[in-house]
Amino acid sequence: MRKVTYSMSVSLDGYVVGPDGGFDWTAPEEEVFRLATDEVRGLGAHLLGRRLYEDMLCWETTEESPPLDFSTHEFAALWKALPKVVFSTTLSQVRGNARLASGGLAEEIERLRAEPGEGDIAIGGATLAAEAAASDLIDEYRARVYPVLVGGGVPFFPQAERRVNLELVETRTFPSKVVYLRYRVARQEYRVTR
């Protein structure tokens, strides 16, 4: 079964966006960007909220955008080809290889898991991820932790009063001191004994 993953850049104090709505502290170095490219390469679909969809539109309109000090051609090509499902109550149409969600989040994930094909199903955007987490739909959390404290904003982790046990799968430290953490949700199978 295809995994559902949630991957974002996050401040050390746990926010994907600061209190001013900015995330300029997440500009990646080449190795961190290569990690993001590898993640996109392993996807079969990406589910996005409206804000993240709009932020990522720059990758739909040019071969290399936004401009960085290293090549972004591969990421742009992979992103354009990737099927995307956008959850929005305000958009009436989307561009590129995207469609508006026709059902709820759980329904869309179930539909994507039932379709033939390979690759993980990624969830992008903290609000959408919180909904998925509340319904126990996320299989892996992937955080690129930046060495900055932003003091508030939009949290990476859902603020639900629910415990989720995780198993560390991978960790990497980059020259910029960004730390990548990949955790699998530890789902326990319980047996009733008599």
Side-chain angles (χ1 to χ4, degrees), residues 4-37 39-40 43 46-60 65-69 72 75 79 84-91 94 98 101 104-105 108-109 120-166 168-185:
V4 175
T5 65
Y6 171 42
S7 178
M8 298 280 289
S9 296
V10 59
S11 64
L12 182 59
D13 55 349
Y15 297 96
V16 296
V17 175
D20 61 354
F23 51 92
D24 57 328
W25 42 271
T26 66
E29 66 170 342
E30 188 169 2
E31 288 183 51
V32 174
F33 192 82
R34 199 172 314 128
L35 171 71
T37 301
E39 283 186 346
V40 171
L43 297 178
H46 203 295
L47 311 180
L48 304 96
R50 180 196 51 81
R51 283 180 290 220
L52 184 58
Y53 164 75
E54 289 175 342
D55 286 342
M56 296 299 286
L57 274 176
C58 62
W59 296 103
E60 300 284 345
S65 181
L68 296 171
D69 293 339
T72 59
F75 181 88
W79 184 258
K84 294 171 272 300
V85 180
V86 181
F87 290 80
S88 173
T89 57
T90 58
L91 295 175
V94 290
L105 181 58
E108 290 289 349
I109 289 172
D120 294 337
I121 301 164
I123 294 186
T127 303
L128 197 60
E131 182 182 340
S135 298
D136 195 27
L137 296 172
I138 297 176
D139 299 306
E140 282 190 7
Y141 289 87
R142 300 172 179 180
R144 294 178 300 277
V145 182
Y146 282 73
V148 61
L149 303 173
V150 297
V154 177
F156 174 81
F157 291 105
Q159 301 300 303
E161 293 180 16
R162 185 171 86 79
R163 178 179 168 155
V164 178
N165 293 323
L166 304 172
L168 182 63
V169 175
E170 181 182 359
T171 183
R172 285 193 237 175
T173 302
F174 294 94
S176 62
K177 305 304 179 211
V178 170
V179 176
Y180 174 68
L181 301 169
R182 182 165 67 106
Y183 288 95
R184 177 184 310 121
V185 174

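Computation of the quantities below employed the complete heavy-atom set of this structure, encompassing side-chain atoms and omitting hydrogens, waters and symmetry-equivalent molecules.
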So, D139 side chain and T5 main chain: donor-acceptor pair closer than 3.5 Å or not? no
Are the side chain of Y180 and the backbone of V32 linked by a donor-acceptor contact shorter than 3.5 Å? no
What one should report as the nearest heavy-atom pair of P155 and A126 is O-CB, 3.3 Å
Donor-acceptor pair, D20 side chain versus G22 backbone, under 3.5 Å? yes
Can you classify the ring geometry of Y146 versus W25 as parallel (below 30°), tilted (30 to 60°) or perpendicular (above 60°)? perpendicular
With F87 as reference, evaluate T127, L48, L47 under the side-chain contact (heavy atoms from CB on, under 4.5 Å) test and give the passing residue. L47
Out of the candidates L137, L43, V4, only one should pair with I121 under the side-chain contact (heavy atoms from CB on, under 4.5 Å) rule; please name it. V4
Rounded at 0.5 Å granularity, tell me how far OG1 in T37 sits from CD in E30. 9.5 Å
Which heavy atom in V16 sits nearest to a heavy atom in S9, and how many Å separate them? CG1-O, 3.4 Å
Consider side-chain contact (heavy atoms from CB on, under 4.5 Å). Of V178, L181, L35, which one does R172 pass it with? L35
Nearest heavy-atom neighbours spanning G18 and V150: CA-CG2, 4.1 Å
Of all heavy-atom pairs linking V185 and I138, the shortest is CG2-O, 3.2 Å
Looking at residues at least two apart in the chain, or sitting in another chain, which of them share a side chain to side chain contact (heavy atoms under 4.5 Å, CB included) with V169? R182, R184
Under the side-chain contact (heavy atoms from CB on, under 4.5 Å) criterion, do E140 and S7 qualify, and how do the steps go? CA-CA 8 Å; E140 282 190 7; S7 178; over 6 Å; no
If the plane angle is over 60° it's perpendicular, under 30° parallel, otherwise tilted; pick one for Y141 and F157. tilted
Is the closest side-chain heavy-atom distance between W79 and H46 below 4.5 Å? yes
Could you state the interatomic distance from CZ (R50) to CG (L128), rounded to the nearest 0.5 Å? 12.5 Å
Is the distance between the ring centroids of Y6 and F156 under 6.0 Å? yes
In Å, rounded to the nearest 0.5 Å, how long is the span from OG1 of T72 to CZ of R34? 13.0 Å
Of the non-hydrogen atoms in D120 and R142, which two are nearest, and what is the gap between them? OD2-NH2, 3.3 Å
How long is the straight-line distance from CG of L52 back to NZ of K84, given to the nearest 0.5 Å? 11.0 Å
Could you pull out the closest heavy-atom pair between Y53 and A98, with the gap in Å? CE1-CB, 4.3 Å
Treating D13 as the side-chain partner and L149 as the backbone partner, does any N or O pair qualify as donor plus acceptor under 3.5 Å? no
Considering only heavy atoms from C-beta outward, does the side chain of E54 approach that of L91 to under 4.5 Å? yes
